[in-house]
Amino acid sequence: MMQTVDVALADRSYPIYIGEQLLERGDLIADHLSQKRVALITDTTVAPIYLDAISRALAALKVAVTPIVIPAGESHKNWHALNSVFDALLRNRCERKTALIALGGGVIGDLTGFAAATYLRGVPFIQIPTTLLAQVDSSVGGKTAINHPRGKNMIGAFYQPLAVIADTGTLRTLPAREVSAGLAEVIKYGLIGDVPFFDWLDNNIEALVARDAVALAHAVKVSCENKARVVAADEREELGQRALLNLGHTFGHAIETGLGYGTWLHGEAVAAGTVIAARVSAAMGMLDSKDVSRIIALFKRAGLPVTAPDFGLSRYLELMGLDKKVEGGKIRFILLRAIGDAFLTADVPEKALAKGLAASVSDE
Ligand code: NAD
Ligand code: GLY
């Protein structure tokens, strides 16, 4: 059974299709095309598993496919890989109406989205996320980017896809570590504003880790509903709501940049970053210590790290100084008043920051 969640953005609204065996549904792609031709961007891990199935489904509908395969992994979400995509698009004379299809995880989705936003000043694109993280988060909402050596996702654009096709069957070939990484972003939705979903996760996390199909489909759908609601309310992160989706990311991006891209997975860095945010919130007298323990326990059960690398406060501050939420030179943090109640603030005493961080870099 296929479920559809809509992202309501007036004339740029689009569907997120969620279900099994959707890669075989060429019509879900073809219905959105204005030219019977696509460039399909994927990576060296995903291509051998899924490229043939999609190409066959599209060929059956007489849609020509130009495959472009780049190396897998976060360390390739950079200018070099992006330029290799531009080279291939130009070499194959892809036109303004040639849609780009992103088939893969968040790295492929973010990089392809940015290529689509800028190639020929903007071409249509469709997201086909194949990791849990991409299905619940990165493929939805139009944030596209590549990394800069100095900071995560620093070069990018807001650019919405025409559709998102989340085939939950693809999660069966995902390594266990990647499933856990995706669960970090799933848990995030519960923490920032969905208490019933957090409670459901608390009761079903083992089923998700074990890839129970029904549990996974539910988690993808509820996550997409949460994300679609926030994106519809604050598409360009100008009004405060969308910034909350970055819970754990200010610290998490610092961990990813500080360790070198690809050392920790994005979701792993988000989990450890969320633990720091929770502890800083507690150090400011906001979050109950029982809730901090409940959050840490859930991340652990999801197979995620809860102890952050020990760079020292000043290095963390240096790394976080390049966060996109910095305003007027002040780092803005997403903190928690309670599970389900996140807020954005620049007003964090250094003492609380130091205390929260110190407790999070050692196994207390
Ligand atoms: P990823 O794209 O690197 O994919 C993880 C690994 O899994 C890769 O090696 C990939 O080749 C492999 N893979 C993908 N699908 C597979 C499948 N079905 N079976 C087997 N292997 C498969 O990482 P990710 O976790 O999907 O995405 C992380 C990226 O997403 C980060 O760069 C992060 O910044 C970005 N992100 C963006 C947003 C956004 O709103 N745009 C939100 C969250 C995260
Ligand atoms: N992942 C954060 C956002 O989409 O805004």
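All ligand and atom numbering here is 1-based and tracks the order in the structure. Start at 1 with the first residue, then count along the sequence. Keep in mind the model is a prediction, meaning the values are calculated, not measured.
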| For Val46, is the nearest heavy atom under 4.0 Å from an atom of ligand 1? |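 Val46 counts as a contact of ligand 1 under the 4.0 Å cut-off.
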| Whether Glu185 lies under 4.0 Å from ligand 1, heavy atom |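 It does; at least one heavy atom falls under 4.0 Å.
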Proximity to ligand 1 by part of [X], non-hydrogen separation under 4.0 Å:
X: Lys143; result: both
X: Thr130; result: both
X: Asn153; result: side chain

I need the nearest protein heavy-atom contact for [atom]: residue, atom name and distance, please.
atom: atom 28 (C) of ligand 1; result: Leu133 CD2, 3.8 Å
atom: atom 1 (P) of ligand 1; result: Val107 CG2, 3.8 Å
atom: atom 34 (O) of ligand 1; result: Lys152 NZ, 2.7 Å
atom: atom 31 (C) of ligand 1; result: Glu74 OE1, 3.1 Å
atom: atom 4 (O) of ligand 1; result: Thr131 CG2, 3.6 Å
atom: atom 16 (C) of ligand 1; result: Leu174 CD1, 3.5 Å
atom: atom 40 (O) of ligand 1; result: Lys227 NZ, 3.4 Å
atom: atom 36 (N) of ligand 1; result: Ser138 CB, 3.6 Å

| said: Tell me the nearest of Thr170, Thr173, Thr144 to atom 19 (N) of ligand 1, using heavy-atom distances. | reply: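 The option holding the nearest heavy atom is Thr173.
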| message | As a check for students: among Gly267, Gly106, Ala145, identify the option with a heavy atom nearest to atom 30 (O) of ligand 1. | response |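 Among Gly267, Gly106, Ala145, the closest heavy atom to atom 30 (O) of ligand 1 belongs to Gly106.
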| task | First locate atom OG1 of Thr112, then atom CZ of Phe125, and finally report the distance between them rounded to the nearest 0.5 Å. | result |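 Reported to 0.5 Å precision, the distance equals 7.5 Å.
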| query | Would you call the rings of Tyr119 and Phe86 parallel, tilted or perpendicular, where under 30° means parallel and over 60° means perpendicular? | reply |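 Parallel, since the angle between the ring planes stays under 30°.
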| query | Hey, what's the ring geometry for His249 with His253, parallel, tilted or perpendicular (30° and 60° as the breaks)? | reply |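 Judged by the thresholds at 30° and 60°, the geometry between His249 and His253 is perpendicular.
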| Can an N or O of Asp43 be found at a distance shorter than 3.5 Å from an N or O of ligand 1? |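 Yes; the residue has a nitrogen or oxygen that sits under 3.5 Å from a nitrogen or oxygen of the ligand.
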| message | If we count only N and O atoms by modelled type, under 3.5 Å, do the side chains of Glu178 and Thr131 hold a donor and an acceptor together? | response |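 On atom types as modelled, these side chains do not qualify, holding no pair under 3.5 Å.
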| With distance as the sole test, does Ser139 use its side chain to make a donor-acceptor pair with the main-chain N or O of Ala134 at under 3.5 Å? |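 Answer holds: yes.
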| query | So, Asn92 side chain and Ala88 main chain: donor-acceptor pair closer than 3.5 Å or not? | reply |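 Side chain of Asn92 to backbone of Ala88: a pair is present.
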| task | Using a cut-off of 6.0 Å, state whether more than 12 heavy atoms not belonging to Asp347 lie near its atom CG. | result |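 No - once you tally the heavy atoms of other residues, nucleotides and ligands closer than 6.0 Å, there are 12 at most.
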| request: Kindly check if the number of other-residue, nucleotide or ligand heavy atoms within 6.0 Å of CD (Glu206) is above 12? | output: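 Yes, enclosed.
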| request: For Lys77, counting its heavy atoms only, list the atoms of ligand 1 lying under 4.0 Å from any of them. | output: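 Listed by number with element, the hits are 31 (C), 32 (O), 33 (C), 34 (O), 35 (C).
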| task | Go through ligand 1 atom by atom and flag the ones less than 4.0 Å from a non-hydrogen atom of Thr45. | result |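 Taking each heavy atom of Thr45 in turn, ligand 1 has 11 (O), 21 (N) under 4.0 Å.
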| Test log, rule salt bridge (Lys or Arg N to Asp or Glu O under 4.0 Å), inputs Glu237 and Lys325 | CA-CA 9 Å; Glu237 205 167 299; Lys325 289 183 298 304; 5.8 Å; no
Check this for me, if you would: do [X] and [Y] make a salt bridge, where the nitrogen-to-carboxylate-oxygen distance has to be below 4.0 angstrom?
X: Arg242; Y: Glu235; value: no
X: Arg294; Y: Asp199; value: yes
X: Lys152; Y: Asp323; value: no

Ligand 2 N/O to protein N/O, distances under 3.5 Å:
| unit_1 | atom_1 | unit_2 | atom_2 | d |
| --- | --- | --- | --- | --- |
| ligand 2 | 1 (N) | Asp137 | OD1 | 3.3 |
| ligand 2 | 4 (O) | Lys227 | NZ | 2.5 |
| ligand 2 | 4 (O) | Arg242 | NH2 | 2.8 |
| ligand 2 | 5 (O) | Lys143 | NZ | 2.8 |
| ligand 2 | 5 (O) | Arg242 | NE | 2.7 |
| ligand 2 | 5 (O) | Arg242 | NH2 | 3.4 |

| query | Does NZ or CZ of Arg337 come closer than 6.0 Å to the centre of the six-membered ring of Phe343, within 45° of the ring's axis? | reply |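 So Arg337 does make the cation-pi contact.
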